[in-house]
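Written below as structure tokens is the structure these notes are about.
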Amino acid sequence: MALSNREIAELFERIGDMLEIKGENIHRILAYRRAAESIREFGRDLRVVSKEGGLEAIPNVGKVIAEKIDELLETGQLTFYEKLAAEVPAGVVDILHVNGVGPKKAKMFWQDAGITSLEELEAAARAGKLNNLPGMGEKSVARILEGIESLKRRSAETRTPLGVALPAAEAILSVLTALPGVGRGAIAGSIRRGKPTIGDVDLLVTADDAAPVMDVFTSMDNVARVLGHGPTKSSIELLNGLQVDLRVLPAERWGTALNYFSGSKEHNVKLRRIALDKGLSLNEWALTPENGDPEILCAEEEDLYARLGLQYVPPEIREDWGEIEAAQAGKIPALLTEADIVADLHMHTTWSDGRFSIREMAEAAYARGRKYIVITDHSHGATIANGLNVERLLAQQAEVRRVDAEMNGKIRVLHGTEMEIRADGSLDFPDEILAQLDFVVASLHVGLRQPREQVTQRVLNALRNPHVDLIGHPRGQLIIEREGADLDLDAVFATAKETGTALEINANPARLDLEASYARRAAEMGIPICIDTDAHSIDQMDLLRFGILTARRAWLSADQVVNTWPLDKFLDWVGNKHV
DNA sequence: GCCGTTTTCGGCCCGACTGTTTTCAGTCG
């Protein structure tokens, strides 16, 4: 039974929901949810870890949950879950996800009104049957009907890709920070941490008078409904279904608030523990000494970390993946920044499925401060992408050389390919052709659903080819739409290390592949990482920032990333790689 | 259910907002 990390995480998430409806101890419920979160973010395949007997090394996974994972992987079933499912109808768990319905109400609807599905809940609400239940007035019923509508709209997937949420958040923030009386503004939450998908948007601004800011926020054109409207916090749902929370606060409390609302929850819990050890209680407003001394305000996040005796922790790594311990030891690495990037090693032109010429892409890259780029159009195996055969590849090389000369040293333009790793494992170009290229990316686009052994073997073949420099978007995942290929990443990483081949963080927010947990492990093994835009148009070159966020989440410093290397070092590496 | 250079037992975050139960419970983040 081939359950993925994500499927196992979702099952434990659901177990948490069921236990909550049953009214179980909240800490036991949270234990399942924390385990689910750790599993979702864990950088290794649970099937492998289970065989090694190392499940309990996963944060928040103890003996009991480890045994449940083993049972799931061995039998494809979980007795504990089956028992719960026999007690709590599946529809009641769905009802729990309606806005305005928590465990108490879900249980009440079920046991007092016999409601066991969203459809029954909606019918009961419309028929006025809910009003008879305790605590249910007109507004509560209306809210539940709205909640059902909202849930229907985003039923397929409740999370929004970072590539959608970040620009939306920036647009709203720029409206708010332009208002009179507003000082600072920031996007907090999981967007600030660069997570690939976002639950909702958290915005913070400083202002002495919150009311006018809240009024503008809740009456913007793209507001579908106002979920809450108070003096310090308001929430809206946008027409596209995205929920946005705004908090307005005084400037002197900026540091604690920004930290609090940036999360992650797990990071913050540890910070509060450290504060308590120092006799301080930490919340979004201040550090408050337990001995009754006046509260300590932190206007900057840096002040807060300093007060706690910690090195500053960049938001992207606040996931409780060891950053607190590193900060205590003063060992937070200097994370890569966009300013470190001098090259883009993967992009397309009109020769295959790109929208701009080689010259136009070169000019655009120069305008963005790149020192060198590699033109890597698709190979002929990618027929729908108008992939190049050998003849066209060599003709393209002549044009690349000409453009490179025309750019007159402003930027170097190199010639490569994004070569198809075919479904049968063979590569699209023979070695003598690859030898003529400056840089070779090999990628999976087809056969992603092949069995683990088969698809892994294809990637290993590509890695072992002496001319292949980089595996592009290694897992072939699409954020939200598609899980990646069932690759044996342990084997892939070991072979990449052995052959000196780089692995990509594809910066396109639809991909973000490798994702942070995998990229971190690869880099720790000493595998070079490339962060490339895979741009098919000029504007896609600006997607680099999503790759940077992902790389920072992976704890990468500049030297671990090929795109930061000067051209000489890059050419040395390409030339010497497999020798 | 997990966790632990104070602990293998006893903790585990708590404040804001809303609606309705006129003093608070439920939900959310």
Side-chain angles (χ1 to χ4, degrees), chain A residues 12 15-16 19-21 23-39 55-69 80 95-109 130-131 133-144 146-147 150 188-190 198-204 210 214 218 226-237 243-249 253 256-257 259-288 320 325 328-329:
Chain A
F12 284 124
I15 287 174
L19 293 174
E20 190 169 32
I21 290 163
E24 263 285 349
N25 179 299
I26 184 63
H27 301 296
R28 187 176 175 218
I29 294 161
L30 288 172
Y32 277 100
R33 294 200 173 135
R34 277 193 284 261
E37 188 62 21
S38 292
I39 290 165
L55 288 173
E56 287 184 56
I58 300 170
N60 302 310
V61 173
K63 189 162 177 289
V64 173
I65 290 184
E67 281 171 3
K68 289 183 165 61
I69 297 172
F80 177 68
I95 287 171
L96 186 62
H97 295 125
V98 174
N99 242 322
V101 179
K104 303 280 165 55
K105 285 186 180 166
K107 187 175 187 179
M108 177 176 74
F109 295 153
L130 295 185
N131 302 59
L133 295 168
M136 295 296 301
E138 290 285 324
K139 288 188 175 177
S140 298
V141 174
R143 184 165 179 218
I144 283 172
E146 274 189 12
S150 170
S190 47
I198 302 303
D200 53 28
V201 177
D202 289 297
L203 301 179
L204 302 186
M214 294 303 193
T218 52
V226 177
L227 305 170
H229 190 158
T232 66
K233 178 191 168 184
S234 294
S235 298
I236 56 172
E237 186 183 320
Q243 183 176 327
V244 186
D245 296 344
L246 171 67
R247 283 160 178 100
V248 180
L249 56 129
R253 297 182 190 273
T256 41
N259 181 259
Y260 184 91
F261 292 111
S262 293
S264 66
K265 199 189 305 170
E266 293 73 19
H267 178 87
N268 289 357
V269 165
K270 280 211 170 162
L271 284 189
R272 281 194 286 272
R273 244 178 240 159
I274 289 170
L276 281 175
D277 288 346
K278 296 182 184 298
L280 298 165
S281 158
L282 170 63
N283 64 17
E284 60 267 52
W285 300 108
L287 279 165
T288 309
D320 191 20
E325 295 73 12
Q328 283 172 325

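Note on naming: letters A, B, ... go to the chains in the order of the sequence lines (proteins, then strands), and numbering restarts at 1 for each one.
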Rounded to whole Å, the OH-P distance (Y32(A) to dG1(B)) equals 4 Å
Sorted by chain and number, sequence neighbours left out, side-chain hydrogen bond (donor to acceptor under 3.5 Å, both in side chains) with E284(A) holds for none
Base, sugar-phosphate alone, or nothing: which one does G62(A) contact when heavy atoms must sit under 4.0 Å apart?
sugar-phosphate
For this session: For dT8(B) versus dG4(B), give the span between their P atoms, rounded off to a whole number of Å.
Result: 13 Å
note: E56(A), atom CD; dC3(B), atom P; distance rounded to Å ~ 9 Å
Inset, instruction - Test the K68(A)-F12(A) pair against the cation-pi criterion, namely NZ or CZ under 6.0 angstrom from the six-membered ring centroid and within 45° of the ring axis. - result: no
Out of dC13(B), dG1(B), dG19(B), minimum distance to the side chain of R28(A) belongs to dG1(B)
note: L282(A), atom CG; dC14(B), atom P; distance rounded to Å ~ 11 Å
For residues 56-67 of chain A, the salt bridge (Lys or Arg N to Asp or Glu O under 4.0 Å) pairs (sequence neighbours left out) are K63(A)-E67(A)
Less than 3.5 Å apart, which donor and acceptor atoms pair up between the side chains of residues 25-33 of chain A and the rest of the protein, not counting sequence neighbours?
unit_1 : atom_1 : unit_2 : atom_2 : d
N25(A) : OD1    : H27(A) : N      : 2.6
N25(A) : OD1    : R28(A) : N      : 3.2
R28(A) : NH1    : E24(A) : OE1    : 3.4
R28(A) : NH1    : E24(A) : OE2    : 2.8
R33(A) : NH2    : D17(A) : OD1    : 2.9
R33(A) : NH2    : E20(A) : OE1    : 2.8

Is there any protein nitrogen or oxygen under 3.5 Å from a nitrogen or oxygen in nucleotides 4-7 of chain B, and what are the pairs?
none

When rounded to whole Å, the CG to P distance for the pair L55(A) and dC2(B) reads 12 Å
Sorted by chain and residue number, the side chain to side chain contact (heavy atoms under 4.5 Å, CB included) partners of L133(A) (sequence neighbours excluded) come out as M108(A), F109(A), D112(A), A113(A), L130(A), M136(A)
**Item:** Spacing of the C1' atoms in dT20(B) and dA25(B) (rounded, Å)
**Value:** 10 Å
To the nearest 0.5 Å, atom OG1 of T218(A) lies from atom CG of L246(A) at 9.5 Å
Here the distance between atom P of dC2(B) and atom CD of E37(A), to the nearest Å, is 16 Å
Rounded to whole Å, the CE-C1' distance (M136(A) to dG19(B)) equals 10 Å
Phosphate-side-chain proximity, W285(A) and dC14(B), N/O vs OP1/OP2 below 4.0 Å:
no
Checking N1-N3 plus N6-O4 or O6-N4 for Watson-Crick, or N1-O2 and O6-N3 for wobble, each under 3.5 Å, the partner of dG1(B) is dC12(B)
Hits for side chain to side chain contact (heavy atoms under 4.5 Å, CB included) against K278(A), two or more places apart or cross-chain, chain-then-number order -> I274(A), L280(A)
Those residues at least two apart in sequence (or on a different chain) that pass side-chain hydrogen bond (donor to acceptor under 3.5 Å, both in side chains) with S38(A) are N60(A)
Could you go through nucleotides 26-29 of chain B and list every protein N or O atom that sits under 3.5 Å from one of its N or O atoms, giving the distance for each pair?
unit_1  : atom_1 : unit_2  : atom_2 : d
dT27(B) : OP1    : G102(A) : N      : 2.7
dT27(B) : OP1    : G102(A) : O      : 3.3
dT27(B) : OP1    : K105(A) : N      : 3.1
dT27(B) : OP2    : K104(A) : N      : 3.3
dT27(B) : O5'    : G102(A) : N      : 3.3
dC28(B) : OP1    : G100(A) : N      : 2.7
dC28(B) : OP2    : V101(A) : O      : 3.3
dG29(B) : OP1    : Q243(A) : NE2    : 3.4

Original post:
For S235(A) and dC17(B), is the shortest distance between a side-chain N/O and OP1 or OP2 below 4.0 Å?
Top reply: no
Separation of dT20(B) atom P from L130(A) atom CG, nearest Å, is 12 Å
From the candidates dT20(B), dG1(B), dC17(B), the one with an atom nearest any side-chain atom of K139(A) is dT20(B)
From CZ of R33(A) across to P of dC12(B) the rounded distance in Å is 19 Å
Salt bridge (Lys or Arg N to Asp or Glu O under 4.0 Å) pairs touching residues 263-274 of chain A, sequence neighbours excluded, are K270(A)-D320(A), K270(A)-E325(A)
d(I39(A) CD1, I69(A) CD1) to nearest 0.5 Å is 4.0 Å
Distance below 4.0 Å between S140(A) side-chain N/O and dT20(B) OP1 or OP2
yes
